[in-house]
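What follows is a single structure, written as structure tokens, with notes after it.
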Amino acid sequence: MKVMKFGGTSVGSPERMKEVASLVTRTGEPTFVVLSAMSGTTNSLIEISDYLYKKNPEGANEVINNLEQKYSVHVDELFSTDEYKLKMKDFLSEEFNYLRSFTKDLFTSFEEKSIVAQGEVISTNMMASYLQEQGVKAVLLSALDFMRTDKNAEPDSMYIKEKLSAIMEENEGYQVYITQGFVCRNAYGEVDNLQRGGSDYTASLIGAALNAEEIQIWTDIDGMHNNDPRVVEKTEAVRQLNFEEASELAYFGAKILHPTCVQPAKYAGIPVRLKNTMAPDAEGTIINNVLAQKKIKAVAAKENITVVKVKSSRMLGSPGFLRKVFEIFESYQTSIDMVATSEVGLSMTIENSAHLDDIVDELKKYGTVTVEPSMCIVCVVGDLDWSNVGFEALAMNALKDIPVRMVSYGGSNYNISFLIKESDKKQALQSLSDVLFN
Ligand code: ADP
Ligand code: ASP
Ligand code: MG
């Protein structure tokens, strides 16, 4: 069975939903479909929650009313029979009354999680009903019945596999199985989610749980491009990526994939195919175990990076120094992306600066601490095995006119990362594209 995930733009209008319906049924084979919320909906649900946190039910109600009106038009356009129009209007009225119920009581992050889950609940209900109206044997499965995270907020793969297998057995014989991306329960059974953009992760986890033949991520572009198409001109789709290369790109900012989405597929050895809903016949990108030798594949960038530098005499001479420093970051649940060491200093980059002040206070016992915000990691990905001569020099040369604060090379065989100022990002990415690909 194939798993097909469609993102927000791919289900962003009744017209697009009809296109998705035709894509998921075109082979006639049983298919597992994961949907995001219609584009813009999750943002609106977060806006509603923000109003409720600020004890502004009028603000929340206004967003709810606008959203309800929009969906009411969508339903009229999507469905053709009175029976289904009526059924969906009832469903929507229940949904929006549910959203309104939150405007009356105490509002915490628990309520927020329930609210933001509704985008996917609505889109999957609409799609399942539309397919049924078209005479397709489709069934809607609630992600809340099988997607669960553990006490470390990591997906509980064993639980997901067991639960989903049982659910699939109970629902044998359907052509299309549909579920919500993004939505899950936590270890305590509460409604939770897999973070923004997390529907990709859902698809990969489901693919691994079902031992799918392929996981397809359908979006609004014809595959992973060799640079960020939002920043650089003349980017091109990369036809094939190794799992490791794709992970590095996703982690370091290629928005087309959720950072953790590749992992479950990689461990299960299931190929991931990136496809364009707007151009279904375009080849897209296949992500698998193959490593194309001696090729630089793509560049990605991640902003909002902070450098923390500890300057200390006798740093490397003192055993355990790195451990003590890293433990401080660990105790504040803050991961470090890049590291550079010398005899007298240690520079590290972090993305999450929520606990920066506390971290800096604790680091002060080991030396002088300096902090530089607004930095950007630029990551060049491909076959960068150290025995291949000249590739790092090529990347380095592309950045010859840009101040580079840190370089990380040799951490894996697949990447070289540069830390630059955020304000130099566009120039750096363009120059890398010119030198490496054009
Ligand atoms: P979806 O809603 O389908 O999950 P996303 O918006 O999350 O879609 O991801 C697709 C977008 O990712 C594209 O429209 C593109 O602007 C952006 N993007 C950023 N970097 C890349 C890249 N290297 N290759 C392709 N798309 C990229
Ligand atoms: N709807 C969620 C979001 O907008 C999840 C997703 O689209 O992947 O972040
Ligand atoms: Mg996405």
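As the structure lists them, so they are numbered: ligands from 1, and atoms in each ligand from 1.
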Dump the pairs for me: ligand 2 N or O, protein N or O, distance under 3.5 Å, to 0.1 Å.
unit_1: ligand 2; atom_1: 1 (N); unit_2: Thr42; atom_2: OG1; d: 2.8
unit_1: ligand 2; atom_1: 1 (N); unit_2: Glu120; atom_2: OE2; d: 2.6
unit_1: ligand 2; atom_1: 4 (O); unit_2: Thr42; atom_2: OG1; d: 3.4
unit_1: ligand 2; atom_1: 4 (O); unit_2: Arg196; atom_2: NH2; d: 3.0
unit_1: ligand 2; atom_1: 7 (O); unit_2: Ser36; atom_2: OG; d: 3.1
unit_1: ligand 2; atom_1: 8 (O); unit_2: Gly197; atom_2: O; d: 3.4
unit_1: ligand 2; atom_1: 8 (O); unit_2: Gly198; atom_2: N; d: 3.4
unit_1: ligand 2; atom_1: 8 (O); unit_2: Ser199; atom_2: N; d: 3.0
unit_1: ligand 2; atom_1: 8 (O); unit_2: Ser199; atom_2: OG; d: 3.0
unit_1: ligand 2; atom_1: 9 (O); unit_2: Arg196; atom_2: NE; d: 2.7
unit_1: ligand 2; atom_1: 9 (O); unit_2: Gly197; atom_2: N; d: 2.8

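Salt bridge Lys2/Glu29: absent, no basic N to carboxylate O contact under 4.0 Å. Salt-bridge annotation for Arg239 and Glu283: present, with a side-chain N of the basic residue lying under 4.0 Å from a carboxylate O of the acidic one.
Ring pair Tyr53/Phe107 is perpendicular by interplanar angle, where above 60° counts as perpendicular and below 30° as parallel. A parallel orientation is assigned to the rings of Trp218 and Phe6, their planes being inclined by less than 30° (bins at 30° and 60°). Ring orientation note: the planes of His258 and Tyr201 are close to parallel, at an angle under 30° on the 30°/60° scale.
If you check which protein heavy atom lies closest to atom 15 (C) of ligand 1, you get Pro229 CG, 4.0 Å. For atom 12 (O) of ligand 1, the closest non-hydrogen atom of the protein is Ile256 N, 3.4 Å.
The shortest N or O to N or O distance between Ser10 and ligand 1 is not under 3.5 Å. Of the N or O atoms in Ala254, none lie within a sub-3.5 Å distance of an N or O in ligand 1. Residue contacts with ligand 1: Lys255 is placed with a nitrogen or oxygen under 3.5 Å of a nitrogen or oxygen of the ligand (distance criterion only). Residue Asp220 has at least one nitrogen or oxygen atom sitting less than 3.5 Å from a nitrogen or oxygen atom of ligand 1, judged on distance alone.
At a heavy-atom cutoff of 4.0 Å, ligand 1 is contacted by no atom of Asn226, backbone or side chain. Residue-level proximity to ligand 1 for His225 is carried by backbone and side chain together, each with a heavy atom below 4.0 angstrom. Counting heavy atoms closer than 4.0 Å to ligand 1, residue Ala300 contributes nothing at all. The side chain of Lys5, and not its backbone, has at least one atom closer than 4.0 Å to an atom of ligand 1 (non-hydrogen atoms only; side chain from C-beta on).
Scanning both residues, Leu35 and Ser123, for their nearest heavy atoms gives CD1-O, 3.8 Å.
Of the possible polar contacts, one joining the Asp150 side chain to the Glu154 backbone as a donor-acceptor pair under 3.5 Å is found. Remark: the backbone N or O of Leu144 is paired with a side-chain donor or acceptor of Arg185 at under 3.5 angstrom. A donor-acceptor pair is defined here as one N or O able to donate and one able to accept, closer than 3.5 Å; no such pair exists between the side chain of Thr306 and the backbone of Pro373.
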Do any side-chain atoms of residues 377-400 form donor-acceptor pairs under 3.5 angstrom with protein atoms, and if so which ones, sequence neighbours left out?
unit_1: Asp383; atom_1: OD1; unit_2: Asn388; atom_2: ND2; d: 3.4
unit_1: Asp383; atom_1: OD2; unit_2: Lys294; atom_2: N; d: 2.6
unit_1: Asp383; atom_1: OD2; unit_2: Asn388; atom_2: ND2; d: 3.1
unit_1: Asp385; atom_1: OD1; unit_2: Ser387; atom_2: N; d: 3.0
unit_1: Asp385; atom_1: OD1; unit_2: Ser387; atom_2: OG; d: 2.8
unit_1: Asn388; atom_1: ND2; unit_2: Asp383; atom_2: O; d: 3.2
unit_1: Glu392; atom_1: OE1; unit_2: Tyr409; atom_2: OH; d: 3.4

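Contact between Gly223 and ligand 1 is present, with at least one heavy atom of the residue lying under 4.0 Å from the ligand. Heavy-atom distances between Gly197 and ligand 1 stay at or above 4.0 Å for every pair.
Proximity of Val11 to Thr277: side-chain heavy atoms (C-beta onward) are nowhere separated by under 4.5 Å.
A cation-pi arrangement is found for Lys302 relative to Tyr251, the charged atom lying closer than 6.0 Å to the ring centre and inside a 45° cone about the ring normal. Taking the ring centre of Phe79 as origin, the terminal cationic atom of Lys85 falls outside the region bounded by 6.0 Å and 45° from the ring axis.
Of the options Asn276, Thr219, Ile221, the smallest heavy-atom separation from atom 3 (O) of ligand 1 is shown by Thr219.
For ligand 1, the atoms closer than 4.0 angstrom to any heavy atom of Gly8 are 2 (O).
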